[in-house]
Number of protein chains: 2
Amino acid sequence: MTHAARFDGMDWTDAPCPVARTLDLVGDRWSLLIVRDAMDGARSFGDFQHRTGIARNILSDRLRRLVERGILDRQPAPSGRRQVYVLTEAGRDLFAVVVAMRQWGERHAFAPGEVHSVLVDDDGLPLAELRPTDSHGSTVTTDTTTVVPPHDD
Amino acid sequence: MTHAARFDGMDWTDAPCPVARTLDLVGDRWSLLIVRDAMDGARSFGDFQHRTGIARNILSDRLRRLVERGILDRQPAPSGRRQVYVLTEAGRDLFAVVVAMRQWGERHAFAPGEVHSVLVDDDGLPLAELRPTDSHGSTVTTDTTTVVPPHDD
DNA sequence: GCAATCAGTTGCATTTTGCTACCAATCAGG
DNA sequence: CCTGATTGGTAGCAAAATGCAACTGATTGC
C-alpha cells in the first residue's frame, strides 16, 4: 500500500493531535497486544489467537485493520501455512510505545512482590527506563512542556 | 486510596504481562486522551468534555475509573467549582507513554506537509526522540530484545 | 482416502458507547 | 428573594463493538 492510502477514508477523532491519531490507529483493546506479540515472534493467526486469547472474529478484523493501516504486512508463507503477518517499519517503530507501556505497568500495575514478564536485551539485562528529554538530553516533565497548536506560517 | 486497593477486584487480561495490565487500566478509547488533556492543564469536567468531545456519561464513567485506578485524584476545588481532577504521581508517570504515542503519530499518522500540534520544552523546542536503550545506553530494537516469562526462583 | 488442524466466517447474545433530554446545585444580577 | 445562565452530572434508549460457539473450506499428516 502507498503511504497516502493509509489516510483515505479515515475520520480522525482529533485531527491535529498526534496522540489522538495514534489512538485512532492502535487505541483499541487488542491492537497493541497483537503488536506486542508480533514483536515477540508471533506470525500466524493461531500464534496471535493463543497468545492473546482474543475471539477469532475480532482477531480476524484486527489483523485486517492493522494491515490496512500499514502496521502489519500480510505475506504468503514461505511454505506450509497460508500466510504470515509481519510488522512493517511503522509497526516496528511502535516499539517505544510498547516499551513505555511495559515500564509503566511494571511500576504501577503490580503489587509489591508480584512477578511479571521482563523485556531483556541480548545480555539478558533489563532495558534502561525511557525518559523524555529535551534536545540537550535534560529530563522534561508535564510541568516543563507545553502543547502548541498547529499553525501555518 | 491505598496502593493495594488498586489491585482488588481487577480481572487482568493477561496477568503477568505489564503491557497487558497497562492496557487494562488505560487502554480504552478515551482514557489516554483524558490523561493527555490533564497533562496539558485540563482540570474540570467541562475542560475534559470540551477538549475531547467525549459523551458526558462516558466522561463521567472514565473520570471515576481513572480515580479508582489511582491515575487521577478528585479534589474539592479551592473555590467556586465543585471539584477538580488532577494527575497522581502514577498519572504523571504516563508522560513517557503519551510522548511515545505523540512521536509515533507525528512520524506515521500525518500526510507529508499536514500540520499538527507540537509538544515543546520551556525553550519552545521540540523534545528529543524517545529511544529504547539497554543499560549502557545503546539503542535496542525488537530484534535485540526478548520477553522472558516470570519465574519464582 | 480420512482424520486433524489451521484460518478464518457467520449468527446471535451481551456489553459498551453515544446521543439527547433531564435534573440538581451554584452563581450573578437586579 | 427571584430569575436565568452555567456547571456537573444522571437516565433512557438506540447503535455499535465485542465475545462465544458453531460452521466452512483448504491443507497436512498418515
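Throughout, a chain's letter reflects where its sequence line sits, starting with A, and its residues are numbered from 1.
C:dA25 atom P lies 17 Å from atom CZ of B:F45, rounded to whole Å. Atom CZ of B:F48 is separated from atom P of D:dG8 by 11 Å (rounded to the nearest Å). Distance CZ (A:R74) to C1' (C:dC6): 13 Å, rounded to an integer number of Å. Taking atom CG on A:L63 and atom C1' on C:dG8, their separation rounds to 10 Å, with Å as the unit. In this entry the distance linking CD of A:Q83 with C1' of C:dG8 reads 9 Å, nearest Å. Taking atom CD1 of A:I34 as the reference point, atom C1' of C:dG8 lies 14 Å away to the nearest angstrom.
Between B:F110 and B:H116, the ring-plane angle classifies as tilted under the 30° and 60° cut-offs.
Between the side chains of B:R92 and A:T142, not a single donor N or O lies within less than 3.5 Å of an accepting N or O.
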Residues 59-67 of chain A, side-chain donor-acceptor partners within the protein, below 3.5 Å, at least two apart:
from  : atom 1 : to    : atom 2 : distance (Å)
A:R62 : NE     : A:D28 : OD2    : 2.6

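Between A:Q49 and C:dC6 there is no side-chain N or O to OP1 or OP2 distance below 4.0 Å. Using a 4.0 Å cut-off, some side-chain N or O of A:S60 falls inside it from OP1 or OP2 of C:dT9.
For the pair B:I34 and B:L72, the minimum side-chain heavy-atom distance is below 4.5 Å. Annotation: side chain of B:S44 is not in contact with side chain of B:Q83 (no heavy-atom distance under 4.5 Å).
Within the structure, side chain to side chain donor-acceptor pair (under 3.5 Å) contacts touching residues 117-128 of chain B (residues at least two apart or in different chains) are B:R102-B:S117.
Within the 4.0 angstrom heavy-atom criterion, no nucleotide atom of any strand lies near B:R43. Note on A:Y85: only backbone sugar-phosphate atoms sit closer than 4.0 angstrom, heavy atoms only; bases stay farther off.
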> Just by protein heavy atoms under 4.0 Å, how would nucleotides 13-22 of chain D read 5' to 3' in B, S and -?
Replying inline: -----SBB--
